[in-house]
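This is a predicted model, so every value here is computed, not measured.
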Amino acid sequence: QVQLVESGGGSVQAGGSLRLACVATGLVDSLNYMAWFRQTPGKEREGIAVLYTGMTTSYLADSVKDRFTISQGRAKNTVYLQMNRLKPEDTAMYYCAAVPPPLWRGYGFRFDQGMYPYWGQGTQVTVSS
């Protein structure tokens, strides 16, 4: 059974930083594409970062690329999202997602939610002004 567990969310003032972590267990493939999405009530889920745990390639959405960094831990089943210079508009529930290489359709679909079969429960990030 695949499980993705996020942690590290919380409340912070604008300009502050948080680091989210996602630990995946039960994945058949040792190397996977792992991504971060976020969602606020009434809005569609937005993909913000993705990486392949077998390489250093990563992508960040334009809305966060100058402030956020996605990285993997020493264990290939862990990814982090370092969020700096947080803004109130970053307030959202942040979700980790994973897709194994056989189901990966290419970086052109990197933020296509339907491509990701595995999701965590989310961790809330609240940024106050």
Side-chain angles (χ1 to χ4, degrees):
Q1 182 180 357
V2 176
Q3 282 191 318
L4 277 65
V5 179
E6 304 97 333
S7 62
S11 297
V12 64
Q13 289 191 325
S17 299
L18 285 173
R19 188 175 81 154
L20 306 183
C22 172
V23 178
T25 57
L27 290 168
V28 174
D29 296 272
S30 59
L31 302 175
N32 294 270
Y33 295 88
M34 297 184 71
W36 287 96
F37 290 76
R38 66 184 181 184
Q39 187 172 27
T40 55
K43 292 188 177 181
E44 291 191 3
R45 195 168 293 186
E46 172 193 18
I48 56 173
V50 61
L51 64 72
Y52 178 52
T53 59
M55 298 175 63
T56 59
T57 302
S58 64
Y59 286 92
L60 293 161
D62 288 343
S63 58
V64 304
K65 65 181 180 180
D66 295 330
R67 301 180 293 122
F68 292 8
T69 304
I70 184 171
S71 62
Q72 61 181 331
R74 298 181 70 177
K76 299 293 187 184
N77 66 333
T78 303
V79 292
Y80 300 99
L81 184 69
Q82 178 67 44
M83 306 186 295
N84 299 325
R85 303 199 308 277
L86 283 160
K87 304 176 181 179
E89 51 262 45
D90 294 318
T91 295
M93 184 70 78
Y94 284 71
Y95 297 91
C96 177
V99 55
L103 300 180
W104 178 254
R105 301 206 302 262
Y107 281 105
F109 298 90
R110 57 189 178 270
F111 294 140
D112 182 340
Q113 298 178 53
M115 185 173 65
Y116 292 84
Y118 307 118
W119 291 83
Q121 293 299 307
T123 186
Q124 177 68 37
V125 171
T126 302
V127 184
S128 59
S129 57

(message) Please tell me whether Ser63 and Glu89 have a donor and an acceptor in their side chains that are separated by less than 3.5 angstrom.
(response)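 The answer is no; no qualifying pair exists.
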(request) Calculate, to the nearest 0.5 Å, the distance between atoms CZ and CZ belonging to Arg38 and Arg45 respectively. (result)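 Answer for the CZ-CZ pair, Arg38 versus Arg45, is 13.0 Å.
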(request) Quick one: pull up CG in Asn32 and CD in Gln72 and give me the separation to the nearest 0.5 Å. (result)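 Asn32 atom CG to Gln72 atom CD measures 11.0 Å (nearest 0.5 Å).
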(message) Is the ring pair Phe111/Phe37 parallel, tilted or perpendicular, if the boundaries are 30 and 60 degrees?
(response)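 Phe111 and Phe37: perpendicular rings.
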(request) Please work out whether the ring planes of Phe68 and Tyr94 are parallel, tilted or perpendicular, with thresholds of 30° and 60°. (result)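 Taking Tyr94 first and then Phe68, their aromatic rings sit tilted (interplane angle of 30° to 60°).
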Check whether any side-chain heavy atom of [X] sits under 4.5 Å from a side-chain heavy atom of [Y], and report yes or no.
X     : Y     : value
Met83 : Leu20 : yes
Lys76 : Leu31 : yes
Asp90 : Arg67 : yes
Met34 : Ile70 : no

(request) Kindly state each residue pair satisfying salt bridge (Lys or Arg N to Asp or Glu O under 4.0 Å) with at least one member in residues 50-59, sequence neighbours excluded. (result)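 Every candidate salt bridge (Lys or Arg N to Asp or Glu O under 4.0 Å) pair involving residues 50-59 fails, so no pair, neighbours aside, qualifies.
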(request) Please list all pairs passing the salt bridge (Lys or Arg N to Asp or Glu O under 4.0 Å) test where one or both residues lie in residues 110-129, with sequence neighbours left out. (result)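 Qualifying pairs, neighbours excluded: Arg105-Asp112.
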(message) I need the minimum non-hydrogen distance between Ser58 and Leu51, along with the two atoms involved.
(response)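 Looking at all heavy atoms of both residues, the closest pair is CB-CB, 3.8 Å.
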(request) Kindly say whether Ala24 contributes a backbone atom to a donor-acceptor pair with the side chain of Asn77 at under 3.5 angstrom? (result)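 Confirmed, Asn77 side chain pairs with Ala24 backbone.
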(message) Tell me if a side-chain donor or acceptor on Glu6 pairs with a main-chain N or O of Gln121 at a distance below 3.5 Å.
(response)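 Yes, because the side chain of Glu6 sits within donor-acceptor range (under 3.5 Å) of the backbone of Gln121.
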(request) Kindly write out the residues that satisfy side chain to side chain contact (heavy atoms under 4.5 Å, CB included) with Gln124, not counting sequence neighbours, or none if the list is empty. (result)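 With sequence neighbours excluded, Gln124 shows a side chain to side chain contact (heavy atoms under 4.5 Å, CB included) to Thr91, Met93, Thr126, given in chain and number order.
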